[in-house]
Amino acid sequence: MKKKQSWYLLTLLLMFLVSSIAVAGETKLEMYLWNRYTYEKDETNTFSLERGYFRINQKFSSDISGRFNLDFFSSDKDTDVHGVGVKLKYAYLDFKNLIPIPESKLTFGLLKNYFGSIYDWSYVVMEKAPSDKYKFISSTDYGISLYGYIPNGMGEYAVAVTNGEGYKKAGDNVNTSPAYLANLRFIPISGITIGGSYYTKKKGTDKTDYSAYAAVGRLAFGPLDIQFEFLSKEDDGTVGQGFMIMPIVKLTDKFELVARYDNWEPNTDEDNDKQTLIVGGINYFMRRAKGKPVVMLQVNYENTSYEDSSKDSKDKFIAQLRWEFSTKL
Amino acid sequence: MKTKSLLIAGILLLITTQVFAFQWPWAKKKSNTLTLTGSTTVLPIAQKTAETFMDIHPEANISVRGGGSGVGIAALIDGTCDIADASRPMKTKELKKAREKGINPIETIVAKDGIAIVVHPDNTVKALTLSQLKDIYIGKISNWRDVGGESGTIVVVSRDVASGTFEVFKKLVLKGDKVRDGALMLASNQAVATTVSQTPGSIGYIGLGYLSADVKALRIDNVLPSNKTVVSGEYKLARPLFMYTNGKPKGLVKDLIDFILSHQGQNIVKELGFVPIK
């Protein structure tokens with residue numbers, strides 16, 4: 001089944017590529033690759049391709065553009081083709097000026113989920129955004145969104161209606177109830193960002209109630225950048241809550257020091273179920289092009305510990321080479 | 001466990017030190033060095049004024065690079081340049097990204113420029129209307145015969161999307177439409193000027209500072225691009241040229257920008273074929 005799925009995705013990619021070349025407009029190809037080494041005592045000692053985004057951006061006109069993105073990753077599952085897994089990550093069309101709101105766009109397709117920090121998470125540390133890690137919401141989903149900027153760069157907003165099942169489910173696994181999302185980000189003065197997101201849906205085929213919200217903040221002054229996020233979700237009566245704080249210190253143009261602390265409680269009615277994540281690391285920017293880093297070495301140490309003393313804490317060491325390039329056809 | 005505690009303590013110590021000391025000694029930027037990056041239109045102004053400024057202030061070390069307005073603005077947001085040169089204003093998306101990262105872009109207009117429409121010197125066409133120019137660039141007109149010239153295919157030369165000149169051209173001429181397929185998308189004003197000078201039948205657009213005897217500027221809506229027609233507003237394809245800094249210019253950044261805005265700096269702007277703002 002997975003083999004068939006992979007060929008299906010590759011065929012889609014080829015069709016999109018050929019049609020992009022045939023159709024008038026501007027086509028940009030991008031690759032984002034993460035080569036990773038992970039060491040976890042008695043558990044993991046592996047080299048892998050953690051992410052291999054192959055992205056096609058097609059600009060049909062100044063008002064209409066599209067994005068198609070496959071994610072290739074190394075996999076040792078028997079069902080995957082030749083040691084590689086493939087996921088469809090983005091497939092959407094943006095329409096500007098379709099509705100008369102300045103600096104806004106309507107998006108249709110498999111699109112970004114504008115919740116908490118998940119949609120602009122730049123992987124300063126290698127761990128996922130909290131709302132992704134603690135399964136609040138999938139990073140992309142099928143649906144429609146309206147996204148726009150507040151004038152003078154003072155923030156952004158988004159509202160969306162999606163399937164609510166994320167990008168990994170389709171067909172019979174998607175229920176008939178849509179999910180609704182609202183997001184606001186406000187930057188009153190340079191360096192201070194505040195905002196929040198709300199998301200609600202009927203979950204799964206038995207359509208249980210699910211809602212989540214996030215409050216985010218960011219302080220960026222000189223070489224110091226601190227990001228905060230508070231998250232809460234109610235899943236069929238069970239409330240989970242947590243927060244994250246992530247300080248980043250720019251040492252030089254080539255080095256930055258990163259740290260992250262997460263505190264997560266999956267069920268606030270339960271005792272002894274809290275867990276904490278501590279990440280420390282360094283990012284080394286080896287090469288910049290077009291005003292941004294294009295080759296980067298990341299080294300992270302991660303410690304996950306549990307309130308439940310019967311569970312052992314986990315220590316992980318991860319090193320990753322991250323590189324990207326792009327070209328226009 | 002001990003290692004973990006040491007690591008966490010180390011990280012916290014580093015962060016605390018940063019908060020109070022603000023910059024590590026090795027990260028501290030030398031006060032006499034500056035980097036300017038961005039628009040290839042603004043590049044000649046940035047280069048010549050920086051050279052003259054360094055002649056007057058030998059202790060200053062100024063590095064000037066091109067790349068396009070988008071690249072310069074991205075570098076300012078990334079914190080890897082002191083001044084972003086741009087031939088278009090910053091976009092809302094860029095402003096938002098900058099403000100999020102604690103960068104406060106302040107705009108200074110350093111000159112004005114006309115976008116000259118140029119053809120090969122042997123081309124018999126001397127003038128176009130804005131409407132004809134648009135039709136050529138979107139592919140509705142593809143032969144010089146249709147605009148009063150001799151029969152021959154029009155070779156359309158444009159700038160790439162990182163270019164501020166392209167953004168302004170798109171806004172003032174194309175008005176939302178896209179450049180025709182098969183157009184040559186080049187990375188700099190100089191590349192456009194050189195290509196047009198060597199390709200009979202071609203048409204391109206460049207900043208006034210890149211005009212030379214090797215190309216012929218066309219009248220647009222019966223107005224030739226010049227300092228005078230740009231200042232008077234008669235020539236419609238005109239725009240300001242910007243330098244963006246993080247916050248109000250200070251130190252060496254301020255000294256350089258003050259110099260560019262001074263009588264001497266604006267004379268250099270004029271000598272280079274651009275339009276002074278004073």
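Note that these values count all heavy atoms, side chains included, but never hydrogens, waters or copies made by symmetry. Owing to the predicted nature of the structure, the values given are computational and were not obtained by experimental measurement.
Interface summary for chain A: among B:G68, B:P105, B:G79, B:A84, the most heavy-atom pairs under 4.5 angstrom belong to B:G79. Of the listed residues (A:K28, A:E103, A:K292, A:K328), the one with the most heavy-atom contacts under 4.5 Å to chain B is A:E103. Of the listed residues (A:G153, A:A220, A:A289), the one with the most heavy-atom contacts under 4.5 Å to chain B is A:G153. Contact tally against chain B (heavy-atom pairs below 4.5 Å) for A:R288, A:E156, A:R185, A:M154: the top residue is A:R288.
When heavy atoms are compared at a cutoff of 4.5 Å, B:I103 approaches chain A solely by way of its backbone atoms N, CA, C and O. Contact annotation for A:N152: only backbone heavy atoms (N, CA, C, O) come within less than 4.5 Å of a heavy atom of chain B. For a residue to count as touching a neighbouring chain, one of its non-hydrogen atoms must lie under 4.5 Å from one of that chain's; by this rule A:P102 does not touch chain B. For chain A, the nearby parts of B:T92 are the backbone and the side chain; heavy atoms of each come within less than 4.5 Å.
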Check against side chain to side chain contact (heavy atoms under 4.5 Å, CB included), A:R218 and B:K101: CA-CA 9 Å; A:R218 182 172 179 179; B:K101 293 188 78 172; 3.7 Å; yes

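Within a 6.0 Å radius of CZ in B:R65, no more than 12 heavy atoms belonging to other residues, nucleotides or ligands are found. Around CH2 of A:W323, the count of heavy atoms belonging to other residues, nucleotides or ligands within 6.0 Å does not exceed 12. The environment of NZ in B:K134 is crowded: more than 12 heavy-atom neighbours from other residues, nucleotides or ligands sit within 6.0 Å. Other residues, nucleotides and ligands place more than 12 heavy atoms under 6.0 Å from the NZ atom of B:K175.
Heavy atoms only, all atoms of each residue included: B:A74 and A:K290 are closest at CB-O, 3.8 Å. Between B:K178 and A:F60 the shortest heavy-atom distance is CD-O, 3.1 Å.
With values rounded to the nearest 0.5 angstrom, B:K97 atom NZ is found 10.5 Å from A:D120 atom CG.
Remark: side-chain polar atoms of B:R99 are not paired, donor with acceptor, to backbone N or O of A:G155 under 3.5 angstrom.
Looking only at side-chain heavy atoms (C-beta outward), B:D78 and A:P293 come within less than 4.5 Å of each other. Looking only at side-chain heavy atoms (C-beta outward), B:K96 and A:I150 stay at 4.5 Å or farther from each other.
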